[in-house]
Participant: 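I am attaching a structure below and will ask some questions about it afterwards.
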Amino acid sequence: MRLGVLDVGSNTVHLLVVDAHRGAHPTPMHDERFVLRLAEHVGPDDMLSKEGEKALLKAVQVACDRAESLGCDEFMGLVTSAIREARNGLDVLERIRERTGVELTVLTGEDEARLTFLAVRRWFGWSAGQLLVLDIGGGSLELASGIDEDPDVALSLPLGTGRMTRRYLPEAQDGGRPDLAALDKLDSHAAELLAPAAKQLRSVGRPDLVAATSKTFRTLARLTGAAPYSAGLQVPRQLTQEGLGQVVGFISRIERSALAELPGVSPDRAHQLPAGATVAAAAMRLLDVPCVRICPWALREGVILRRLDSLGGV
């Protein structure tokens, strides 16, 4: 069957279309992104602006039309942090459903962590043993650990790159250099939230393999010498704590325009990278992780795999 998944994140609306059946490897047929940065359309009153709603409606309609033209047998939509936390989020989703017919399901942070963990487990397999997964999004940081396909611990912390940039590094959004004192405050804030989470994760056993997903981790790995995306998904990639420390020191001292020219850095997300790198470094430090393996599968693939598992037959 051909499945379409629309993931409405804090930064990007991402459409993934795959061909798959139960027990098979999902084969990507179409991959399309719309950069909306919805979290930046949520004001101090925690309301998604009319402009943000209009942009989301347009992206959902385009994605729906694309999925139909590609012959999707099923189309699933999900939303994460930005819409989940907006006070008018449910009202916005209802208006979008009325206009497009698309039912967008709101995932909790724990749902995100569990589905991402499933995708990473399937990618690396049972030989990975006790698995720890880190995933930095625009609004939140997901963490999960376990020995099976469903993690024993699944957590979500409000440490996403967009959220932390707006709170600690507003000058980065305007193209300026990050404030070093603000980065220190961000590091302390991340460490404070991560300390109890790390204790929970350690309680289920030391991981045999630590994996990281998301655009932020992929970009940071690329800046430390990992293979580019064009080399293919099967190429092993990793990010070490030592290499990440060097990257943090470098990117925290250059302006957004220069950062956007580095290999692997998306110009539209360059301003969020210092915050993302700081959170990633704090997570690896607090979790005592010297190195993470980069996994190309994440939430969308987890949603697809869970749906395929629910189908009848052999």
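Worth saying up front: this structure is predicted, and the values here are computed from it rather than measured. The analysis underlying the following values was restricted to heavy atoms, covering all of them including side chains, and did not include hydrogens, waters or symmetry mates.
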Participant: Quick check on the hydrophobic clustering: are V5 and V13 connected, directly or via other members, by side-chain heavy-atom contacts under 4.5 Å?
Facilitator: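 Shared cluster, no.
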
Participant: Return each pair, listed once, that meets salt bridge (Lys or Arg N to Asp or Glu O under 4.0 Å) where at least one residue sits in residues 221-238; pairs must be two or more places apart or across chains.
Facilitator: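 Those involving residues 221-238 do not exist here.
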
Participant: Not counting sequence neighbours, which residues clear salt bridge (charged side-chain N to carboxylate O under 4.0 Å, His left out) with R66? List them please.
Facilitator: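 So R66 forms a salt bridge (charged side-chain N to carboxylate O under 4.0 Å, His left out) with E32.
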
Participant: Excluding sequence neighbours, so at least two apart, what forms salt bridge (charged side-chain N to carboxylate O under 4.0 Å, His left out) with D187?
Facilitator: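 For D187, the residues satisfying salt bridge (charged side-chain N to carboxylate O under 4.0 Å, His left out) (neighbours in sequence not counted) are R285.
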
Participant: Can you list every pair that meets salt bridge (Lys or Arg N to Asp or Glu O under 4.0 Å) and has a residue in residues 199-211, with sequence neighbours left out?
Facilitator: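 Applying salt bridge (Lys or Arg N to Asp or Glu O under 4.0 Å) to every pair that reaches into residues 199-211, excluding sequence neighbours, yields R206-D288.
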
Participant: Any ring pair (Phe, Tyr, Trp, His ring centres under 6.0 Å) pairs touching residues 181-209, not counting sequence neighbours?
Facilitator: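 Residue pairs passing ring pair (Phe, Tyr, Trp, His ring centres under 6.0 Å), neighbours aside: Y168-H189.
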
Participant: Please, which pairs that meet salt bridge (Lys or Arg N to Asp or Glu O under 4.0 Å) have at least one residue in residues 82-95, sequence neighbours excluded?
Facilitator: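 Found E53-R95, R84-E112, E85-R163, E94-R97.
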
Participant: Only counting residues at least two apart or in another chain, list the ones meeting side-chain hydrogen bond (donor to acceptor under 3.5 Å, both in side chains) with T108.
Facilitator: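 With neighbours one apart ignored, the set is D111.
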
Participant: Crowded around E98 CD? As in, over 12 foreign heavy atoms under 6.0 Å?
Facilitator: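 Buried by this count: over 12 neighbours within 6.0 Å.
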
Participant: Using the ring-ring contact (aromatic ring centres under 6.0 Å, His included) criterion, which residues pair with W123? Sequence neighbours excluded.
Facilitator: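 Testing W123 for ring-ring contact (aromatic ring centres under 6.0 Å, His included), a comparison that skips the adjacent residues, returns W297.
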
Participant: In this structure, are over 12 heavy atoms from other groups packed under 6.0 Å from L90 atom CG?
Facilitator: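 No.
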
Participant: Checking Q61 now: which residues fulfil side-chain hydrogen bond (donor to acceptor under 3.5 Å, both in side chains) with it, not counting sequence neighbours?
Facilitator: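 Only D65 meet the side-chain hydrogen bond (donor to acceptor under 3.5 Å, both in side chains) criterion with Q61.
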
Participant: Could you pull out all donor-acceptor pairs under 3.5 Å where a side-chain atom in residues 142-159 meets a protein atom, sequence neighbours excluded?
Facilitator:
{"residue": "E142", "atom": "OE1", "partner": "S140", "partner atom": "OG", "Å": "3.3"}
{"residue": "E142", "atom": "OE2", "partner": "S140", "partner atom": "OG", "Å": "2.8"}
{"residue": "E142", "atom": "OE2", "partner": "S156", "partner atom": "OG", "Å": "2.5"}
{"residue": "S145", "atom": "OG", "partner": "Q130", "partner atom": "NE2", "Å": "3.3"}
{"residue": "S145", "atom": "OG", "partner": "L131", "partner atom": "O", "Å": "3.3"}
{"residue": "E149", "atom": "OE1", "partner": "R122", "partner atom": "NH2", "Å": "3.2"}
{"residue": "E149", "atom": "OE2", "partner": "R122", "partner atom": "NE", "Å": "2.5"}
{"residue": "D150", "atom": "OD1", "partner": "R114", "partner atom": "NH1", "Å": "3.0"}
{"residue": "D150", "atom": "OD2", "partner": "R114", "partner atom": "NH1", "Å": "3.2"}

Participant: Under the rule for side-chain hydrogen bond (donor to acceptor under 3.5 Å, both in side chains), what residues qualify as partners of Q200, not counting sequence neighbours?
Facilitator: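 In terms of side-chain hydrogen bond (donor to acceptor under 3.5 Å, both in side chains), with neighbours along the sequence ignored, Q200 is linked to no residue.
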
Participant: Using the test salt bridge (charged side-chain N to carboxylate O under 4.0 Å, His left out), find all partners of R37 that sit at least two apart in sequence or belong to another chain.
Facilitator: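 Residues passing salt bridge (charged side-chain N to carboxylate O under 4.0 Å, His left out) with R37: E40.
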
